[in-house]
Every structure is written in structure tokens, then in C-alpha cells.
Asks: 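Handing you a structure now.
Heavy atoms only: backbone and side chains are in, while hydrogens, waters and symmetry mates are out.
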Amino acid sequence: MPQAVLDVRRFRPNILIETDGNDAGFTEQKLVGRRLSLGNTVVEITEPCTRCAFTALGQPGIPFDKDVLHAIARHGGGGFGVLASVMGTGRVACGDGVTVV
């Protein structure tokens with residue numbers, strides 16, 4: 001996505017996971033069908049998050065950028081991020097580790 005202005009605020013994530021940087025592409029899509037341990041709860045990754053034109057809209061401090069949605073469609077099949085189901089109640093805090101279980 002070299003032309004797209006990527007800013008995490010565009011995508012309004014509930015949970016943001018930092019990877020080691022060696023993962024190329026849409027790493028989160030590889031997790032569909034898997035479970036993650038976050039804090040003291042577990043979530044199941046159920047499907048890619050299909051994105052719409054809202055990702056291109058300008059927001060405070062972020063300019064309009066049509067290239068964002070085009071890049072998601074071209075490289076991620078229209079999905080960027082994933083949806084998850086919570087498998088049990090628990091607490092998740094900033095800085096908690098994440099493990100594929």
C-alpha cells in the first residue's frame with residue numbers, strides 16, 4: 001500500500017496487536033478459525049473484517065485517501081482486520097500478551 005496513508009485511527013480497532021515486523025501482508029487473515037489468548041480471556045477469530053468507503057474518509061488529523069480502500073480491495077480481498085467472538089469473560093489491558101492457542 002505504498003500510496004495509501006495508513007493510520008490506525010482510520011480503522012477504529014477494538015484491539016490492536018503488534019507483530020514482530022517479519023509478517024508481510026494481511027497477517028490477521030491467517031488467524032481466521034484460530035483462538036487467541038488475550039489477557040485472561042480467549043477470543044475466536046471468525047472472519048475477515050470487510051471494509052467500506054468509510055476507511056477513505058477524512059477524520060481529524062487524517063486526510064481523505066481513496067487509495068486506502070483500493071489497496072485493501074487489491075491486496076486483502078476487501079478485508080482488513082478480523083472479527084472475533086469472545087469465548088469467555090475476562091479482562092484485557094493495554095500491554096497484555098497475545099498467544100495463539
Side-chain angles (χ1 to χ4, degrees):
M1 288 190 237
Q3 299 302 315
V5 176
L6 295 180
D7 187 307
V8 69
R9 296 173 295 169
R10 255 189 216 289
F11 307 102
R12 299 185 175 138
N14 290 314
I15 297 174
L16 183 64
I17 300 171
E18 183 177 356
T19 62
D20 64 11
N22 292 324
D23 297 318
F26 291 72
T27 304
E28 71 278 9
Q29 291 183 8
K30 298 173 191 167
L31 296 172
V32 173
R34 310 282 308 269
R35 289 185 178 193
L36 302 179
S37 172
L38 310 160
N40 64 1
T41 194
V42 174
V43 299
E44 181 174 352
I45 307 301
T46 57
E47 62 187 288
C49 184
T50 303
R51 296 302 179 152
C52 66
F54 283 122
T55 58
L57 297 179
Q59 300 176 38
I62 307 170
F64 170 80
D65 187 352
K66 64 180 174 33
D67 290 330
V68 171
L69 189 56
H70 293 156
I72 291 170
R74 234 182 351 265
H75 302 290
F80 187 73
V82 288
L83 302 178
S85 292
V86 178
M87 304 311 294
T89 60
R91 184 178 178 96
V92 178
C94 236
D96 282 349
V98 178
T99 307
V100 177
V101 293

Asks: Let me confirm one number: the OG1-CG distance from Thr55 to Asp7, rounded to the nearest 0.5 Å.
Replies: 12.5 Å
Asks: Mind checking what makes salt bridge (charged side-chain N to carboxylate O under 4.0 Å, His left out) contact with Glu47, not counting sequence neighbours?
Replies: none
Asks: Are any side-chain N or O atoms of Thr46 and backbone N or O atoms of Leu83, one a donor and one an acceptor, separated by less than 3.5 Å?
Replies: yes
Asks: Got a second to check how far Asp96's CG is from Ser37's OG, nearest 0.5 Å?
Replies: 9.0 Å
Asks: Between Val82 and Leu31, is the side-chain contact (heavy atoms from CB on, under 4.5 Å) condition met? List the steps.
Replies: CA-CA 8 Å; Val82 288; Leu31 296 172; 5.7 Å; no
Asks: Would you find a donor on one side and an acceptor on the other, under 3.5 Å apart, between the side chain of Glu44 and the backbone of Ser85?
Replies: no
Asks: With sequence neighbours excluded, what pairs up with Arg91 under the side chain to side chain donor-acceptor pair (under 3.5 Å) test?
Replies: none
Asks: Could you state whether Val8 and Leu69 fall into the same hydrophobic cluster, counting links through intermediate Ile, Leu, Val, Met, Phe, Trp or Tyr residues with side-chain heavy atoms under 4.5 angstrom apart?
Replies: no
Asks: Decide whether Ile15 and Val86 are clustered together by the hydrophobic rule: side chain heavy atoms of Ile, Leu, Val, Met, Phe, Trp, Tyr closer than 4.5 Å, transitively.
Replies: yes
Asks: If I compare all heavy atoms of Gly79 with all of Pro48, which pair ends up nearest, and what's the gap?
Replies: CA-CB, 4.4 Å
Asks: What orientation do Phe11 and Phe80 show, parallel under 30°, tilted 30 to 60°, or perpendicular over 60°?
Replies: tilted
Asks: Should Val42 and Ile45 be regarded as members of a common hydrophobic cluster, given that ILVMFWY residues are connected when their side-chain heavy atoms come within less than 4.5 Å of each other, either directly or indirectly?
Replies: no
Asks: Are Thr27 and Ile17 side-chain neighbours, meaning at least one heavy-atom pair lies under 4.5 Å?
Replies: no
Asks: Which pair of non-hydrogen atoms, one from Val98 and one from Leu38, has the smallest distance, and what is that distance?
Replies: CG2-CD2, 3.3 Å
Asks: For the atom pair CG (Leu16) and CD (Glu28), what is the distance rounded to the nearest 0.5 Å?
Replies: 10.5 Å
Asks: Can you name the nearest heavy-atom pair linking Arg9 to Gln59, along with the distance?
Replies: O-OE1, 3.6 Å
Asks: Can you list the residues that meet the salt bridge (charged side-chain N to carboxylate O under 4.0 Å, His left out) rule with Arg12, with sequence neighbours excluded?
Replies: none
Asks: Determine yes or no for a side-chain-to-main-chain donor-acceptor pair under 3.5 angstrom, with Arg10 supplying the side chain and Phe54 the backbone.
Replies: no
